[in-house]
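A short write-up of the structure that comes next.
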Amino acid sequence: MTDPEAALGLAVQQALAAEFGPEYGTADPLIRPSSFADYQSNAAMSLARAIGRPPRDIAASVAARLAEGSASATVLRSSPGEDQPGTDLAGSDLVGSAEVSGPGFINLTLRDSWIAAQAAAQLRDPRLGVPEEPADLVVVDYSGPNVAKELHAGHLRATSVGDAVVRVLEYLGRKVVRAAHLGDWGTQFGMLIEHALDVGQEATYKQLVAGEFTAFYQAARQKFDANPDFADRSRERVVLLQAGDEQSVQLWTLLVDDSMEYLRAIYTRLDITLTDADMDPESFYNPMLADVCAELEASGVAVISDGALCAFPPGFTGRDGNPLPIILRKSNGGYGYGSTDVAAIRYRLRDLGAQRIIYVVGSEQNLHLAMVFAVAKQAGWLTDKASAEHAVVGLMTAKGGGRLKTRAGEQVKLVQLMDEAVERANQVIADRYPDPVERTRIAEAVGIGALKYGDLSVARDSSYALDYDRMLALTGNTGPYLQYATARIRSIFARAGLDPAQSSGPIELTGQPERALALQLAGFGRAVAEVAETAEPHKLAGYLFDTASAFTTFYEQCPVLGADEEIRQSRLALCALSLRVLVTGLGLLGIPVPERM
RNA sequence: GCCCCGAUAGCUCAGUGGAUAGAGCGACUGCCUCCUAAGCAGUAGGUCGCGCGUUCGAGUCGCGCUCGGGGCGCCA
């Protein structure tokens with residue numbers, strides 16, 4: 001099983017090396033999808049100057065060599081150490097035609113027999129052609145839940161994107177630590193505890209058990225903003241809490257436990273793989289904070305400024321042009337998010353041994369995270385053996401494009417969004433399934449699928465308005481479209497009384513829709529690997545949509561069950577492969593796949 | 001004031017320095033005696049915000065603008 005782009009790239013490199021010398025065997029073959037052929041190589045133009053010949057001449061000799069299939073004579077690896085088992089490059093089997101066009105494009109068409117063989121191999125491969133990557137440890141920080149605050153619509157993206165990234169990394173063989181950095185330890189908890197003391201423990205318990213986090217939080221917040229005395233008490237209360245004061249801890253535990261129950265329920269319904277063990281509460285870092293501060297102060301990374309312990313990573317300046325700090329310990333002795341974030345990155349790098357940390361976090365934290373990374377570098381925790389990256393998540397905006405204001409009631413709870421999604425799906429299928437249980441199950445899968453796919457199918461860093469019609473669409477490039485393709489495939493097998501898992505071909509491509517589908521399916525491994533590399537699930541979403549489109553075209557034009565036996569077997573195999581790619585891909589995005597719809 | 005992000009079809013968005021910039025929605029025209037019409041085939045719709053530059057070649061890279069969003073010391 002070989003990725004066509006990689007196979008062609010290697011073939012072009014071999015041709016270049018054979019024609020112009022071994023130094024060109026490592027040049028970028030610039031393989032791109034083409035509207036004039038399966039792929040094109042643009043290497044002739046980029047190498048014209050170095051080789052010292054007109055691009056069309058270069059293209060012509062490469063094309064001639066590719067067409068005659070002698071490229072396999074000298075086997076060159078694209079880079080030393082990069083071993084690709086199964087990259088069997090008999091050029092004569094691979095390239096059907098190579099033609100020069102325009103200023104020096106080489107239009108490359110694959111042989112049908114090669115594509116068919118790849119599809120057959122992919123069907124036999126338990127990994128569907130997805131490469132295996134080293135078991136490096138990757139920490140993915142995502143979702144960003146808070147104790148005593150309900151998840152709102154804006155949490156959806158950081159949650160679904162992070163979860164998709166996690167699933168993809170694990171599928172590729174990486175070792176992944178999920179970290180939902182649970183906000184449970186900041187000033188706001190001083191505020192909440194003070195408020196709880198004001199209203200009494202009994203009333204607090206009642207309100208929280210009823211799930212009215214938001215109301216409770218907002219009441220506290222209002223007092224905090226309006227009443228300086230209350231605000232001061234709150235800040236003092238955090239210090240007490242962080243120092244382990246019994247009464248404070250007791251009330252805090254109440255808040256945490258209730259919130260966890262709420263989060264478990266919503267993650268389960270959204271099919272998010274986060275469990276209790278993946279919660280990475282800020283309070284977890286509390287015992288490390290003093291030591292982190294001591295270490296940074298000893299190494300000179302942190303200094304006292306205005307009574308607070310601050311790190312001033314180089315290159316960051318504030319409004320007034322002065323160096324900008326990360327506050328590690330506040331002047332009253334308390335710790336804030338700067339402290340825990342710095343402690344967390346030390347823990348992840350030094351204690352867990354993470355080789356990569358991906359922060360799937362809102363764009364508004366860009367500066368803060370850049371400073372955290374800078375401090376980690378200064379401290380010597382973040383070296384060139386590891387990486388920390390901010391996978392920026394776009395902000396959800398109000399209709400006009402500004403901030404969503406909680407006060408103005410613009411914040412929509414994530415649960416409301418989910419309910420509405422399922423309700424819309426329900427309406428579409430209201431008269432479709434006799435069994436109400438099955439109907440409910442399908443509506444749930446379709447609604448949640450639409451919601452998640454809607455968020456996962458756009459670049460994660462684009463900001464976006466809360467728009468039900470857009471987010472919950474059920475037709476077109478949507479989750480249900482992909483789900484529907486799988487349901488149709490299953491229906492074919494069900495009608496014939498066959499098990500897709502038993503379908504093995506052989507595969508023979510008798511027409512354009514079959515050929516296009518098989519070629520599309522071959523790109524699965526590349527699409528998955530790309531998501532891991534960039535932490536951008538929308539690339540997989542786009543790939544799956546193209547795959548479902550290719551399948552649907554095939555479905556419309558190539559009857560399966562009514563075909564002659566040989567063609568029937570081949571088409572059943574293509575169906576089986578399509579089904580596995582789509583189901584696996586949707587699984588990697590965390591989108592449920594109903595059997596029928 | 002400084003920093004980060006964005007501006008592509010009526011709307012929402014893709015787009016790896018390559019040829020004639022693509023989807024979906026919406027609009028319009030067709031398609032259910034045929035494996036599920038949540039579908040398919042087709043039509044219309046673009047000075048890729050503006051200017052200059054780099055390049056054989058720029059929606060893509062650089063610089064300067066305009067407009068919008070976000071951020072910039074004890075909230076997270």
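Note on naming: letters A, B, ... go to the chains in the order of the sequence lines (proteins, then strands), and numbering restarts at 1 for each one.
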**Message:** Counting the atoms with a prime plus P, OP1 and OP2 as sugar-phosphate, which does A:F545 contact under 4.0 Å by heavy atoms, base, sugar-phosphate, or nothing?
**Reply:** sugar-phosphate
**Asked** When you compare B:C2 with B:C65, how far apart are their P atoms, in angstrom units rounded to a whole number?
**Response** 9 Å
**Message:** Just to be sure I follow the notation: if a pair is Watson-Crick (purine N1 to pyrimidine N3 plus N6-O4 or O6-N4) or a G-U wobble (N1-O2 and O6-N3), each under 3.5 Å, what dot-bracket string does RNA chain B give, with | for pairs to another strand?
**Reply:** (((((((..((((....[...)))).(((((.......))))).....(((((..]....))))))))))))....
**Request:** Provide the distance between the two P atoms, one in B:C11 and one in B:A7, to the nearest whole Å.
**Result:** 14 Å
**Prompt:** At under 4.0 Å, does any side-chain N or O of A:S463 touch on OP1 or OP2 of B:A7?
**Reply:** no
**Asked** Which nucleotide, B:G73, B:A38, B:A37, lies nearest any side-chain atom of A:F312?
**Response** B:G73
**Request:** Would you please confirm or rule out a distance under 4.0 Å between OP1 or OP2 of B:C75 and any side-chain N or O of A:K330?
**Result:** yes
**Message:** Can you confirm if the aromatic rings of A:H368 and A:Y337 lie within a centre distance of less than 6.0 Å?
**Reply:** yes
**Item:** Phosphate OP1/OP2 of B:A38: any A:R432 side-chain N/O under 4.0 Å
**Value:** yes
**Request:** Among B:A76, B:A37, B:A38, find the nucleotide with the atom closest to the side chain of A:Y337.
**Result:** B:A76
**Complete:** A:I429 CD1 to B:A37 C1', in whole Å, measures 16 Å
**Fill in**
Side-chain atoms of A:E364 come closest, of B:G70, B:A14, B:G73, to B:G70
**Side-chain N,O (A:S491) to OP1/OP2 (B:U36) below 4.0 Å** = yes
**Message:** Does B:U36 have its OP1 or OP2 closer than 4.0 Å to a side-chain nitrogen or oxygen of A:R495?
**Reply:** yes
**Prompt:** Counting side-chain heavy atoms from CB outward, which of B:U36, B:G24, B:G73 is closest to A:N477?
**Reply:** B:G24
**Prompt:** What is the distance from atom CD of A:E5 to atom CG of A:L108, rounded to the nearest 0.5 Å?
**Reply:** 11.0 Å
**Message:** From CD of A:E530 over to P of B:U16, roughly how many Å is that when rounded to an integer?
**Reply:** 9 Å
**Item:** Check: A:F554 ring centre within less than 6.0 Å of A:F551 ring centre
**Value:** yes
**Message:** Does a side-chain N or O of A:T187 approach OP1 or OP2 of B:C75 to a distance below 4.0 Å, or not?
**Reply:** yes
**Prompt:** What integer number of Å spans the C1' atoms of B:G70 and B:C52?
**Reply:** 29 Å
**Message:** Considering every strand and a 4.0 Å limit on heavy-atom distances, what is the contact class for A:E282: base, sugar-phosphate, or nothing?
**Reply:** sugar-phosphate
**Request:** Return the nearest nucleotide to the side chain of A:M45; candidates are B:A14, B:G18, B:A38.
**Result:** B:G18
